[in-house]
Student: 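The following block contains the structure, expressed as structure tokens.
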Amino acid sequence: MPKYNPAEIEPRWQRFWDENKTFKTPTEVKGEKLYALDMFPYPSGEGLHVGHPEGYTATDIVSRHARMVGKTVLHPMGFDAFGLPAEEHAIKHNASPREFTEKNINTFVRQLKDLGFSYDWDRQISTTDVDYFKWTQWIFLVLFDTWFDADQQKGRPISELPIPAEISEAGEDAIRKYQDEFRLAFESHAPVNWCPALGTVLANEEVVDGLSDVGNHPVQRMPLRQWMLRITAYADRLESDLDEVDWPEGIKKLQCDWIGRSTGAEVDFFIGDQDQFENWKSARTETGFPRNLPENTLRVYTTRPDTLYGATYMVIAPEHGAVEELTTADQGPIVKKYCDDAAMKSDRDRQDDRTKKSGVFTGSYAINPINGQPVPIWVADYVLASYGTGAIMAVPAHDARDFEFAKTYDLPITAVVQPPAKAEIDLEKLMAGEICFAGIGTAVNSESFDGLTTEEFKIKIIETLDNTSVGRSAVNYKLRDWLFSRQRFWGEPFPILHELDEAGNRTGIMRPVPLESLPVDLPFVEDFKPHGRPEPPLEKADDEWLFPVIDGKKYKRETNTMPQWAGSCWYYLRFIDPHNESAFIDPELEKQWMPVDLYIGGAEHAVLHLLYARFWHKVLFDRGHLHTPEPFKKLVNQGMILGDVEFTAFRDTNEQWVSAELTCENDERKTVLKSTGAELHVVKLDPEQAEKEKEGDNFVLKSDPQIRVDSRAYKMSKSRGNVVNPDVIIAEYGADSLRLYEMFMGPLHQSKPWSMAGVNGVRNFLDRVWRMLVDEKAEELSLSSSVGDHAPTDEQTRMLHKTIKAVSKDIETLGFNTAISRMMEFVNFFTKQAERPKSLMEPFILLLSPFAPHLAEELWQLLGNDSSLAYESWPQFDESLTVDALVEVPIQIMGKIKTKISIERGKSKQELEAIALQDPKIVTLLEGLTVRKVIAVPDKLVNIVAN
RNA sequence: GGGGGUGUGGCGGAACUGGCAGACGCGCUAGAUUUAGGAUCUAGUUCCCAAAAGGAGUGCAGGUUCGAUUCCUGUCACCCCCA
């Protein structure tokens, strides 16, 4: 009767943990602490996906284990709930995004509780909670109140910004405007990707082929007033502090590349008559390198100042401020048209290697400061206004894009770098301008610099430029300042008030909403549908919200909202002190708990979320609110869980099978015949219909082995219909089985295909654990007669100690799949033992408990314990009891195993060698051979070299 | 095109610093048992040769080494990210 029934056991223990607040975080940290954090989910309408519990189970195992080894554990969960889907849903169904979000959160909480995670639910937060985003707004104001002191490499209060004399003489307003230029949160009017249909601006990453990634709506470039965060100021620290953290190298590299630090030079080219050039240059040498660009110069940024002699033309971005000024009258119309067209393209499309480079001549020339040569200035959209100075010197001989452009427009090409011999570059062709070489080498055609290596040349030329003040060394970043505002409803309102004059126009003066007036809640807005104009939905709030009056002055609230990233930038801090009403976190608690010891989540957040969160953290650190420079000590990315493996075959219109290698996907992602492009039917096969080829690595049709079929696992998606719902797995196999299966599938960081048969396999294991202890034939739940107070045999004791050792080590290294296999071995062993000592069963149940907590609690109770095992001491092992007395040593001749001998552990090399050479089988095999050498590795093997 | 990752049985995957390749699980085969179920137990299961003896074998081709899944060189395939 008493079969293992998770459907009964699991809800019972979940209720027990809930009612007893078993996993409430202790108020005080005693001894070592562990802060184990999951990347909190976006509560979508679809509910939990099987991908979520993978990382969650991993942190849960680590947390449960940590409690048992006596650590004080913080293990919280919350929701990243602002964002477009809730708003879109609300618009479609004429409902409230808050209600929809709350409903989804409830579903998620229910599902997470069904999985038995040991979260401290008293600390649940959502970024949409008014009590939470009050402090998101407060942190924004910290950013607003901070400037970055480049000398100290530190964010400081804006009140400490040194004000130049000429500014302070100009009065209060001038000072305020000057300060506004330096704030980490600032307004900008730069061109952005505006999508009328979605009613918001989009990040570059969200625009493909001039259309929005979501919904394929047209996107246009236009200048709009936006909030920006000066993340570029922290670029160096965001890069160098990566050395401090224990993250996967791949993720660190991604972040480095995203920051994209490059060193090179800024060089000023003279614009004007050639006979004025020498005057300009000598005047420069006297005045020094100007901070602000004078009118008669064009400033470029280059990472290859050593190719300055090879600059045969220049390119400025279509948005460059000097376009109009540089365009001559007769080139005017064509330049104007070109710039207008470029405005419709996204940065991404413009930099796409596949599209042909295009550009137009402005009619003007600039003069190369190093050799006085005039070079034509072109406008081309492969140069971006936002990178460097928005202008480049083009060196077609040594840059692939410049080369392509020069070839297209028949511009001169001058080679100035001779490649090293080992590069195998055809020097003649390079010198003739027929090919391009972007590597490093030795300088040629560069006057007195000839013969220098690229590295030497760079140093020399920067010196020369610096001495004459026409250039200087410069650092550049690919990282852009962070576009921080959205024209949507469902986000955090900015706590900023714009002062209005009598006529209701902005005076340009901004006032932060004071702390005591925070939070700025979202107003009621009848309709927040996008309307194609850039005014945000909050513009439609009533006057009372929109136009506050303070001290007799009228203000207008900021009506943009923050992007979804905002809330996730600091949630890990709030978990430490979630109910604090007077501060975003208590400094004492912050000191106790930070940093996060283990942070697990998907690799899709490898760049943006982690970079943004680190940036906010550093600002808060600089301003004295935090004590750690980095938030996340150890980061692990879980792999993606793919759908079950699918076999697909292809049929043509005549219902004839087509072998897989003859097919390909066309531009519309339809499968077609490679040779003719004829469309094919895709047939999903039953696994029974396919088999592995006799020779080779392909799967073929069983019925026709000539026909190859595709076999692979696909990403789970609604459209493919291969999504696995955790609720279904829990109902059918139990939460413990789901947890165990997700951990048993393979290494945490690796992506792996789902397999229903595999779930059944771990369920079998849990059934066997049950039967190892429970008498299934009895009427009532009772211990099996094999379990009792027997004295354990040596072998049994060793089995336990080996298992404790392996499982403990595997939890530390997050090798959960092997930990589970070790426990399986334990159960396989004891299933065969007629006597199962209770003294060995109890520690085993404790080992199992972080993985399968419900079953473990149940069996723990059955073994006679009356309280939860959550805080029982983790079993200890005795090293001497983990090794067998005898060891099997293979004996090889010429590296091939010939026999194995069983000997006592710890024999010396000499003893081992002697034993091996006396082995009868070896003696026979060595007849007629001369032993040249014997390699003996104690307890491992013997290899005899003989011929 | 650039960067990152992965290639081991029919499948998911083990193998610590170079030392018995295939732990553990799925699947499959045979047997036992049975209240016929997606149950349990036992044995087997990398491939080749009827079996044994033997041989081959960690994507492929080389190299270093007494010995390579592990280190080196080249190469191919797939996946992910970026362009």
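Worth knowing before you read on, the calculation uses all heavy atoms, side chains too, and leaves out hydrogens, waters and symmetry mates. In the text below, chain A, chain B and the rest are named by the order of the sequence lines, each starting its count at 1.
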Student: Would you measure the distance from the C1' atom in B:A14 across to the matching atom in B:C26 and give it in whole Å?
Tutor: 15 Å

Student: Expressed in angstrom and rounded to an integer, what is the separation of A:Leu608 atom CG from B:C81 atom C1'?
Tutor: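 After rounding, the reported distance stands at 12 Å.
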
Student: By side chain to side chain contact (heavy atoms under 4.5 Å, CB included), which residues pair with A:Ser751, not counting sequence neighbours?
Tutor: A:Met640

Student: With rounding to whole Å, what would you report as the distance between B:G13 and B:U75 at their P atoms?
Tutor: 28 Å

Student: Pick the C1' atom in B:A32 and in B:G25, then give their distance to the nearest Å.
Tutor: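 These two C1' atoms come out 23 Å apart once rounded.
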
Student: Rounded off to whole Å, could you give me the NZ-to-P distance for the A:Lys253 and B:G2 pair?
Tutor: 13 Å

Student: State which residues pass salt bridge (charged side-chain N to carboxylate O under 4.0 Å, His left out) with A:Lys909; sequence neighbours excluded, sorted by chain then number.
Tutor: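 Testing A:Lys909 for salt bridge (charged side-chain N to carboxylate O under 4.0 Å, His left out), a comparison that skips the adjacent residues, returns none.
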
Student: Using the P atoms only, state how far B:A61 lies from B:U45, rounded to an integer number of Å.
Tutor: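 Approximately 28 Å lies between the P atom of B:U45 and that of B:A61.
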
Student: Between B:G59 and B:C16, how far apart are the two P atoms, rounded to whole Å?
Tutor: 15 Å

Student: Polar-atom pairs under 3.5 Å, protein N or O versus N or O of nucleotides 18-21 of chain B: list them with distances, or write none.
Tutor:
{"unit_1": "B:C20", "atom_1": "O2", "unit_2": "A:Lys900", "atom_2": "NZ", "d": "2.5"}

Student: Between A:Arg771 (side chain only) and A:Glu776 (backbone N and O only), is there a donor and an acceptor less than 3.5 Å apart?
Tutor: no

Student: Using the test ring-ring contact (aromatic ring centres under 6.0 Å, His included), find all partners of A:Tyr599 that sit at least two apart in sequence or belong to another chain.
Tutor: A:Phe632

Student: Hey, does the Lys NZ or Arg CZ of A:Arg614 hover above the aromatic six-ring of A:Trp247, less than 6.0 Å from the centre and inside 45° of the axis?
Tutor: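 Here A:Arg614 passes the 6.0 Å and 45° test against A:Trp247.
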
Student: Using atom C1' of each nucleotide, how far apart are B:U40 and B:U58 to the nearest Å?
Tutor: 36 Å

Student: I need the CG-C1' distance between A:Leu766 and B:G25, as an integer number of Å.
Tutor: 13 Å

Student: Answer yes or no: is there a side-chain heavy-atom contact under 4.5 Å between A:Leu748 and A:Ile600?
Tutor: yes

Student: Among residues at least two apart in sequence or on other chains, which ones pass salt bridge (charged side-chain N to carboxylate O under 4.0 Å, His left out) with A:Lys921?
Tutor: none

Student: Could you check how far NZ of A:Lys478 sits from P of B:C82, rounded to whole Å?
Tutor: 12 Å

Student: Any side-chain heavy atom of A:Trp770 within less than 4.5 Å of one from A:Ile9?
Tutor: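 Yes, their side chains come closer than 4.5 Å.
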
Student: Taking the side chain of A:Lys752 as its heavy atoms from C-beta onward, which of B:C24, B:C66, B:G12 lies nearest to it?
Tutor: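 When the side chain of A:Lys752 is considered, B:G12 is the closest of B:C24, B:C66, B:G12.
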
Student: Can you give the dot-bracket line for RNA chain B, using ( ) for pairs inside the strand, [ ] for pairs that cross earlier ones, | for pairs with another strand and . for unpaired bases, where Watson-Crick and G-U count if both distances are under 3.5 Å?
Tutor: (((((((..(((......[....)))((((((.(..)..))))))(((.....)))..(((((..]....)))))))))))).

Student: Could you tell me the separation between the CD1 atom of A:Ile730 and the CD atom of A:Glu732, rounded to the nearest 0.5 Å?
Tutor: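 CD of A:Glu732 is found 12.0 Å from CD1 of A:Ile730.
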
Student: Give me the atom names and distance for the closest heavy-atom approach of A:Asp402 to A:Ala394.
Tutor: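 Where A:Asp402 meets A:Ala394 most closely, the heavy atoms are OD2-CA, 3.3 Å.
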
Student: List for me each residue that meets side chain to side chain contact (heavy atoms under 4.5 Å, CB included) alongside A:His801, sequence neighbours excluded, and say none if there are none.
Tutor: A:Thr797, A:Phe877, A:Asp878, A:Leu881, A:Thr882

Student: Which nucleotide wins on minimum distance to the side chain of A:Leu254, given the candidates B:G55, B:C81, B:G4?
Tutor: B:C81

Student: For residues 806-821 of chain A, which residues have at least one heavy atom under 4.0 Å from RNA chain B?
Tutor: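 Heavy-atom contacts with RNA chain B come from A:Asn817, A:Thr818, A:Ser821.
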
Student: So, using side chain to side chain contact (heavy atoms under 4.5 Å, CB included) as the criterion, who are the partners of A:Thr57 when residues are at least two apart?
Tutor: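 Checked A:Thr57 against side chain to side chain contact (heavy atoms under 4.5 Å, CB included); matches are A:Pro53, A:Ile61, A:Phe117, A:Arg739, A:Met743.
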
Student: Please state how far atom CG in A:Asn637 lies from atom C1' in B:C79, giving the value in whole angstrom units.
Tutor: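 Interatomic distance, CG of A:Asn637 to C1' of B:C79: 16 Å.
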
Student: Apply ring-ring contact (aromatic ring centres under 6.0 Å, His included) to A:Phe844 and list each qualifying residue two or more places apart in sequence or on a separate chain.
Tutor: A:Phe826

Student: Taking B:U6 as the reference, what is the distance to B:G63 when you measure between their C1' atoms (whole Å, please)?
Tutor: 23 Å

Student: What is the distance, to the nearest angstrom, from the CG atom on A:Leu642 to the P atom on B:C80?
Tutor: 9 Å

Student: Which is it for B:G9, anti or syn, if anything within 90° of zero counts as syn?
Tutor: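 With its glycosidic angle within 90° of zero, B:G9 counts as syn.
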
Student: A:Gly250 near the nucleic acid: base, sugar-phosphate alone, or nothing, with a heavy-atom cut-off under 4.0 Å?
Tutor: nothing

Student: B:G12 P sits how many Å from A:Ile641 CD1, rounded?
Tutor: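 In whole Å, B:G12 P and A:Ile641 CD1 are 15 Å from each other.
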
Student: If you assign each of A:Asp257 and A:Lys921 to its closest nucleotide in RNA chain B, which residue comes earlier from the 5' end?
Tutor: A:Asp257

Student: Does the protein touch nucleotides 29-47 of chain B at the base, only the backbone, or not at all? Give it as B, S and - per nucleotide, heavy atoms under 4.0 Å.
Tutor: ---------B-SSS-----

Student: Using atom C1' of each nucleotide, how far apart are B:G22 and B:U8 to the nearest Å?
Tutor: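 B:G22 and B:U8 have their C1' atoms separated by 8 Å.
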
Student: Mind checking what makes ring-ring contact (aromatic ring centres under 6.0 Å, His included) contact with A:Phe403, not counting sequence neighbours?
Tutor: none

Student: Look up atom CD in A:Gln750 and atom CE in A:Met745, then write down how far apart they are to the nearest 0.5 Å.
Tutor: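 It is 10.5 Å, given to the nearest 0.5 Å.
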
Student: When you measure from the side chain of A:Asn476 to the backbone of A:Ser262, do you find a donor-acceptor pair of N or O atoms at a distance under 3.5 Å?
Tutor: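 Absent.
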
Student: Using atom CD of A:Glu913 as one end and atom P of B:C66 as the other, report the distance to the nearest whole Å.
Tutor: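 In whole Å, B:C66 P and A:Glu913 CD are 16 Å from each other.
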
Student: Both A:Gly761 and A:Val945 contact RNA chain B. Which one's nearest nucleotide lies toward the 5' end?
Tutor: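 That would be A:Gly761.
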
